[in-house]
Amino acid sequence: MADDTAVRVVLADDHPVFRHGVADLLKSTGEFDVVASVDSGAAAIRAVTELVPDVAILDLAMPDLNGATVIRRLAEGKCTTRSLILSVYESRVYVEQAFEAGARGYVLKRSAFNNIAQAVRAVRAGGIYVDPSLPGQAAGIGRVHPDPSAREASAPLAEREKEILRFVAYGFTSKEIASRLATTPKAVEAQKARACGRLGIGSRAQVVQFAILQGWLQGELADR
């Protein structure tokens, strides 16, 4: 059993084999006490609120509430627990979303068994941890590629670009989007490409994940 000096951790991931593996690794060090191991965002909020651990380790892409949403909800409740994200996603946009939500660390699942203990230590101590395998590995969080040439790529999306990406996430074709927005399919494709280029994403699946993190996939799309 962990002693009173152990770092208390809540772990949330919907893949049981991976979750149990991470929990066992942390316990084996003797430094960490995994006080709860849960499989959903809602369960993570309940566990963190009730147990107030030192660190919450949250899967970014849980099916009910993603990790970024969990962090925001906990912040609304004035929770003092520090959080770090586990993710399969390496694109800049996901890293930025996590840190903008309030995460203190971002660890890739493919390197978690090598890096998770170090990440928890850093976050518990009040630091920031960015997985060393991430491209550009960023000193300035929120700007994973901080060089001047990246400024245009990291500029905020225009409202029309957001609207187009939301339609894409819902499964509309460029022709259908153009019809709804009173424009041409070619214009839709150009704006979609520009927006995806800024976000560093290249597939509809990634657009869907981005839309989920933004909270766009709620409610109905208005007819035009």
S174/I164 under side chain to side chain contact (heavy atoms under 4.5 Å, CB included): CA gap, chis, key distance, verdict: CA-CA 9 Å; S174 293; I164 288 171; over 6 Å; no
Under a 3.5 Å distance rule, please check whether [X] uses its side chain to pair with a backbone N or O of [Y] as donor and acceptor.
| X | Y | result |
| --- | --- | --- |
| S28 | L25 | yes |
| R204 | A169 | yes |
| D64 | S40 | no |
| D54 | R8 | yes |
| R82 | R124 | yes |

Candidate pair K162 and E159, rule salt bridge (charged side-chain N to carboxylate O under 4.0 Å, His left out), full reasoning: CA-CA 5 Å; K162 293 179 183 178; E159 288 303 314; 3.4 Å; yes
Please report the closest heavy-atom contact between [X] and [Y], naming both atoms and the distance.
| X | Y | result |
| --- | --- | --- |
| C79 | V48 | SG-CG1, 3.6 Å |
| A42 | L65 | N-CD1, 3.9 Å |
| L58 | A44 | CD2-CB, 3.9 Å |
| E161 | A195 | CB-CB, 4.0 Å |
| A23 | V34 | O-CG2, 4.1 Å |
| A112 | F18 | CB-CZ, 3.9 Å |

Tell me, do [X] and [Y] make a side-chain contact under 4.5 Å, heavy atoms counted?
| X | Y | value |
| --- | --- | --- |
| I116 | L84 | yes |
| L181 | F167 | yes |
| V88 | R110 | no |

Electrostatic pair D59:R19 at N-O distance under 4.0 angstrom: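 Salt bridge between D59 and R19, a charged N being under 4.0 Å from a carboxylate O: no.
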Salt bridge flag under 4.0 Å for residues R160 and E163: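 E163 and R160: salt-bridged.
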Which value, rounded to the nearest 0.5 Å, describes the distance between [X] atom [atom1] and [Y] atom [atom2]?
| X | Y | atom1 | atom2 | value |
| --- | --- | --- | --- | --- |
| I177 | R180 | CD1 | CZ | 9.5 Å |
| L60 | L86 | CG | CG | 9.5 Å |
| K27 | D33 | NZ | CG | 8.5 Å |
| K109 | D13 | NZ | CG | 3.5 Å |
| Q97 | T69 | CD | OG1 | 9.5 Å |
| L108 | N115 | CG | CG | 8.5 Å |

Full working for side chain to side chain contact (heavy atoms under 4.5 Å, CB included) between F32 and R121: CA-CA 9 Å; F32 308 102; R121 291 185 197 107; 4.0 Å; yes
Listed partners of Y106 passing side-chain hydrogen bond (donor to acceptor under 3.5 Å, both in side chains), at least two apart: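 Counting only residues at least two positions away or on another chain, Y106 forms a side-chain hydrogen bond (donor to acceptor under 3.5 Å, both in side chains) with S87.
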Counterpart residues, side-chain contact (heavy atoms from CB on, under 4.5 Å), relative to V52 (two or more places apart):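 If we apply the side-chain contact (heavy atoms from CB on, under 4.5 Å) test to V52, skipping adjacent residues, the hits are T80, T81.
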Transitive ILVMFWY side-chain link I85 to V38, under 4.5 Å: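 Hydrophobic grouping puts I85 apart from V38.
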Ring pair (Phe, Tyr, Trp, His ring centres under 6.0 Å) partners of residues 46-97, not counting sequence neighbours, each pair once: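 Every ring pair (Phe, Tyr, Trp, His ring centres under 6.0 Å) pair that includes a residue of residues 46-97, provided the two are not neighbours, is Y89-Y94.
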Test log, rule salt bridge (charged side-chain N to carboxylate O under 4.0 Å, His left out), inputs E189 and K192: CA-CA 5 Å; E189 286 291 335; K192 180 175 72 173; 3.6 Å; yes
